[in-house]
Amino acid sequence: MTIKFYKGDSHETSFRFKNYDGKVDNVFFTVKDLNKNIKISKELGKGITLEDGWYHIHFEPKDTENLKCEKMIFIIKINVEGSIYTVHTDKFDLDEV
């Protein structure tokens, strides 16, 4: 699931867990460059919403307007009863208009 959109645009990406329907205490979404510098950070209630089993990650123009269009990755982690699990990583691509 590569996330790709135009730098400085509003955007929403949605996902749900296929093999887990238990309680999730928090969801963390982080974008890092290849040097592991954090570029975007969101969590449940702060840029991530939950509706009907789907998690929606909301991007505002300010999230990306000052970022370089370089190779980046995103990481989704969950907190379940105090334990942190990485559930997905993939490419995060921004395009210039």
Side-chain angles (χ1 to χ4, degrees):
M1 168 178 105
T2 297
I3 297 174
K4 185 174 185 172
F5 62 100
Y6 289 103
K7 175 180 169 175
D9 278 4
S10 297
H11 183 75
E12 182 178 296
T13 295
S14 302
F15 69 93
R16 66 187 176 113
F17 301 114
K18 291 182 181 178
N19 298 317
Y20 182 75
D21 60 359
K23 185 176 183 289
V24 173
D25 298 317
N26 207 344
V27 176
F28 306 97
F29 175 87
T30 308
V31 174
K32 294 182 179 183
D33 64 18
L34 295 182
N35 292 319
K36 309 286 187 212
N37 298 309
I38 295 174
K39 299 298 183 176
I40 301 171
S41 181
K42 298 183 178 285
E43 64 182 88
L44 197 56
K46 298 177 183 175
I48 301 175
T49 57
L50 173 61
E51 185 179 330
D52 296 326
W54 285 86
Y55 292 89
H56 305 279
I57 304 168
H58 306 276
F59 298 96
E60 298 177 25
K62 68 179 182 178
D63 292 326
T64 60
E65 62 191 6
N66 294 318
L67 293 181
K68 293 180 183 177
C69 293
E70 61 184 343
K71 291 188 178 199
M72 293 181 274
I73 62 164
F74 71 88
I75 302 107
I76 297 173
K77 294 185 177 199
I78 59 172
N79 179 329
V80 177
E81 296 180 3
S83 295
I84 304 292
Y85 302 98
T86 300
V87 295
H88 192 75
T89 66
D90 211 330
K91 295 177 188 176
F92 185 87
D93 291 331
L94 289 178
D95 280 338
E96 294 272 1
V97 175

| remark: Closest heavy-atom pair, I48 versus I57, reported as atoms and distance to 0.1 Å, is CG1-CG1, 4.1 Å
| Any side-chain donor-acceptor pair under 3.5 Å between H88 and T86? | no
| Do T49 and H56 have a side chain donor and acceptor closer than 3.5 Å? | no
Atom pairs and distances, donor-acceptor, side-chain atoms in residues 64-71, under 3.5 Å, two or more places apart:
from: T64; atom 1: OG1; to: G8; atom 2: N; distance (Å): 2.8

Gap separating the [atom1] atom of [X] from the [atom2] atom of [Y], nearest 0.5 angstrom:
| X | Y | atom1 | atom2 | result |
| --- | --- | --- | --- | --- |
| E43 | N26 | CD | CG | 4.5 Å |
| F29 | I76 | CZ | CD1 | 6.5 Å |
| D90 | T2 | CG | OG1 | 4.0 Å |
| L94 | H11 | CG | NE2 | 10.0 Å |
| N79 | I84 | CG | CD1 | 4.0 Å |
| M72 | I3 | CE | CD1 | 10.5 Å |

| said: I'd like to know whether the aromatic ring centres of Y85 and F28 sit less than 6.0 Å apart in this structure. | reply: no
| request: Answer yes or no: are there more than 12 heavy-atom neighbours, outside E81 itself, under 6.0 Å from its atom CD? | output: no
| request: For K7, look at atom NZ and say whether over 12 heavy atoms of other residues, nucleotides or ligands are found less than 6.0 Å away. | output: yes
When you group the ILVMFWY residues by side-chain heavy-atom contacts below 4.5 Å and let the links chain together, are [Y] and [X] in the same group?
| X | Y | result |
| --- | --- | --- |
| I73 | V27 | no |
| Y6 | I40 | no |
| I75 | F59 | no |

| query | Going by the angle between their ring planes, with limits at 30° and 60°, are F5 and F92 parallel, tilted or perpendicular? | reply | perpendicular
| Stepwise, does the side-chain contact (heavy atoms from CB on, under 4.5 Å) test hold for D95 with K4? | CA-CA 7 Å; D95 280 338; K4 185 174 185 172; 3.0 Å; yes
| said: Between K42 (side chain only) and H58 (backbone N and O only), is there a donor and an acceptor less than 3.5 Å apart? | reply: yes
| Between M1 and F74, does a side-chain contact (heavy atoms from CB on, under 4.5 Å) hold up when you go through it step by step? | CA-CA 10 Å; M1 168 178 105; F74 71 88; 3.8 Å; yes
| said: Under the rule for ring pair (Phe, Tyr, Trp, His ring centres under 6.0 Å), what residues qualify as partners of Y55, not counting sequence neighbours? | reply: F15, F17
